[in-house]
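Chain letters run A, B, ... following the sequence lines, proteins first, then strands; residues in each count from 1.
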Amino acid sequence: MKEIFQQRLLNWFEQNKRNLPWRNTQNPYFIWLSEVILQQTRVAQGLPYYLKFIEKYPTIQDLAKAPEDEVMKLWQGLGYYSRAKNMHYTAKYLTEIHQGQFPTSFEEIKQLKGVGQYTAAAIASFAFNQPVAVVDGNVQRVLARWLGINTDIKNKKIFQSHADALLNFEKPAAHNQAMMEFGAVQCVPQNPDCASCIMQDICYAYKNDLVRELPIRVKKPFKPEKKAYFYYIENEEHQILIRKRPNKGIWANLYEIPNTLNTELDLTLPAQYLEKGYLKHIFTHFILHITWLHYKIQKQDIVLSQNYEWVEIDKTDDFAYPVPVQKIITTIRNKKGLF
DNA sequence: AATTCGGGGGT
DNA sequence: ACCCCAGAATT
């Protein structure tokens with residue numbers, strides 16, 4: 001059965017694979033970059049970021065010598081910002097400590113910051129053709145349905161052992177990519193077209209009418225909601241107040257306008273604001289209700305704690321912001337002239 | 001083993 | 001409103 005699956009899978013892959021830029025290379029730097037960008041991210045969303053990164057940083061040395069703020073700005077909007085932070089750290093590490101050489105074994109690759117089990121297996125197999133099986137969300141779905149695995153997909157070990165057993169040792173790179181592509185294109189999460197599937201006659205879920213039930217994903221019962229105020233504070237010199245967030249926690253090392261998310265406001269503001277608005281921001285683990293307020297003040301009337309800085313409104317785009325902060329700035333700035 | 005970390009697109 | 005994506009680090 002294993003050989004039948006492997007052979008059909010590779011045949012299917014040859015005929016149906018998408019032409020993606022990181023598939024036309026064995027450069028470990030490009031492959032690593034693409035894998036980090038694509039962590040928990042759809043190909044369609046990650047693709048433009050990948051193209052931006054390889055254009056701006058054609059080599060790992062280019063990435064290593066870039067300022068972190070510039071890397072974060074290029075990453076803006078992708079989310080999971082620690083990926084960018086770790087990636088930049090690892091680029092510097094490999095350039096300065098490792099002579100710019102990418103490690104070639106799975107074990108060494110997995111030691112790199114920001115590289116876990118999946119990404120290490122992907123790089124080792126794609127770039128160096130090592131026989132290590134990748135397990136991502138796509139692979140888990142394919143395995144769960146084909147074999148009828150009914151344990152929660154959080155139980156990674158179960159899936160890894162099945163993926164290991166199924167790996168094609170002759171062609172690990174093609175096999176791994178084919179597994180993921182099959183999950184992404186054919187064995188999709190919702191309403192897969194099983195009628196056209198080449199694995200139909202050997203698929204446990206299809207034969208037992210369990211396609212809709214597998215894979216099993218245990219979800220958290222509820223998502224908490226928080227409220228916060230965000231303050232667009234403008235002075236008479238057309239500057240606004242921003243600061244860099246701490247290097248840990250949510251939105252690490254991104255820039256923000258004054259706000260009450262997880263903190264008290266450390267500023268004294270006048271009684272009157274110019275306008276206000278509302279924004280809902282949905283995270284994986286909570287919902288944030290944002291009320292934004294637009295103030296105009298005299299620069300001399302405010303005492304700044306040391307890490308705030310005034311920035312020209314026309315230069316605010318040089319900094320990397322969380323998406324809701326960028327939305328507030330863009331919304332208000334685009335009304336310039338009304339006030 | 002459970003929680004934290006983002007954002008977007010599909011349905 | 002819910003799902004889930006080429007997951008990893010931290011607790």
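For A:K248, the NZ atom is loosely surrounded, since the number of other residues' heavy atoms within 6.0 Å does not exceed 12.
At a threshold of 4.0 angstrom between heavy atoms, the contacts of A:K219 are confined to the sugar-phosphate backbone, with no base atom among them. A:T284 comes within 4.0 angstrom of a base, heavy atoms only. Using a 4.0 Å heavy-atom cutoff across all strands shown, A:G249 reaches sugar-phosphate atoms only and no base atom. When heavy atoms are screened at a 4.0 angstrom cut-off, A:W22 is found touching base atoms of the nucleic acid. Note on A:Y80: a base of the nucleic acid sits closer than 4.0 angstrom, heavy atoms only.
Only the P atoms considered, B:dG9 is 23 Å distant from C:dA8, to the nearest whole Å. A gap of 16 Å separates the C1' atoms of C:dC4 and B:dC5, to the nearest Å. C:dT11 and B:dG6 are spaced 15 Å apart, taking the P atom of each and rounding to whole Å. Rounded to the nearest Å, the gap between the P atom of B:dT4 and that of C:dA6 is 25 Å.
From A:N259, atom CG reaches atom CZ of A:R245 across 6.5 Å, with rounding to the nearest 0.5 Å.
Side chains of A:Q177 and A:R23: a donor-acceptor N/O pair is present below 3.5 angstrom, by distance only. Side-chain atoms of A:H175 and A:Q6 form no donor-acceptor pair, as typed in the model, at a separation below 3.5 Å. In this structure, a donor-acceptor pair under 3.5 Å is present between the side chains of A:D62 and A:T59. In this structure, a donor-acceptor pair under 3.5 Å is present between the side chains of A:D164 and A:Q160. A donor-acceptor contact under 3.5 angstrom links the side chains of A:E68 and A:N253, judged on distance only.
Aromatic ring orientation, A:Y231 versus A:Y295: tilted (interplanar angle from 30° to 60°). Below 30°, between 30° and 60°, or above 60°: for A:F283 and A:F286 the angle between ring planes is below 30°, a parallel geometry. Between A:W146 and A:F5, the two ring planes are tilted [angle within 30° to 60°].
Note that the first and last nucleotides of DNA chain C, 5' to 3', having any atom under 4.0 angstrom from a heavy atom of chain A are C:dC3 to C:dA9.
Rounded to an integer number of Å, the gap from A:K223 NZ to B:dG6 P is 14 Å. Whole-Å rounding puts the A:L288 CG to B:dC5 P distance at 13 Å. The separation between A:I290 atom CD1 and B:dG6 atom P is 13 Å, rounded to whole Å. Rounded to an integer number of Å, the gap from CH2 of A:W251 to C1' of B:dC5 is 12 Å. Going from atom NZ of A:K226 over to atom C1' of B:dC5 covers 12 Å, rounded to whole Å. The nearest whole Å value for the distance from the CG atom in A:N86 to the C1' atom in B:dT4 is 14 Å. One interatomic measurement links the two molecules: CZ of A:R83 to C1' of B:dG6, which rounds to 8 Å at whole-angstrom precision.
A:Y89 is linked by a ring pair (Phe, Tyr, Trp, His ring centres under 6.0 Å) to nothing, counting only residues two or more places apart in sequence or in another chain. For A:W32, the ring pair (Phe, Tyr, Trp, His ring centres under 6.0 Å) partners are A:F102, not counting sequence neighbours.
Sorted by residue number, the members of residues 25-41 of chain A with any non-hydrogen atom under 4.0 Å from DNA chain B read A:Q40, A:T41. For residues 107-145 of chain A, proximity to DNA chain B is found at no residue, defined as any non-hydrogen atom under 4.0 angstrom from a strand atom.
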For A:E213 and A:N150, what are the C-alpha separation, side-chain angles and deciding distance, and is it a side chain to side chain contact (heavy atoms under 4.5 Å, CB included)?
CA-CA 9 Å; A:E213 324 302 326; A:N150 60 5; over 6 Å; no
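Of the side-chain N and O atoms in A:H285, none sit less than 4.0 angstrom from OP1 or OP2 of B:dT4.
Between the side chain of A:Q298 and the main chain of A:E236, no donor-acceptor pair closer than 3.5 Å is present.
B:dG6 makes up no base pair with any nucleotide shown, lacking Watson-Crick or G-U wobble contacts both under 3.5 Å.
The existence of a salt bridge linking A:K17 and A:E181 is excluded, since no basic side-chain nitrogen approaches an acidic carboxylate oxygen closer than 4.0 Å.
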Table of protein N/O atoms under 3.5 Å from nucleotides 8-11 of chain B N/O atoms:
residue	atom	partner	partner atom	Å
B:dG8	N2	A:R42	NE	3.2

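Both A:K220 and A:Y321 sit near DNA chain B, but only A:K220 has its closest nucleotide nearer the 5' end. Residues A:R18 and A:K248 both approach DNA chain C. Their nearest nucleotides, taken by heavy-atom distance, put A:R18 toward the 5′ side.
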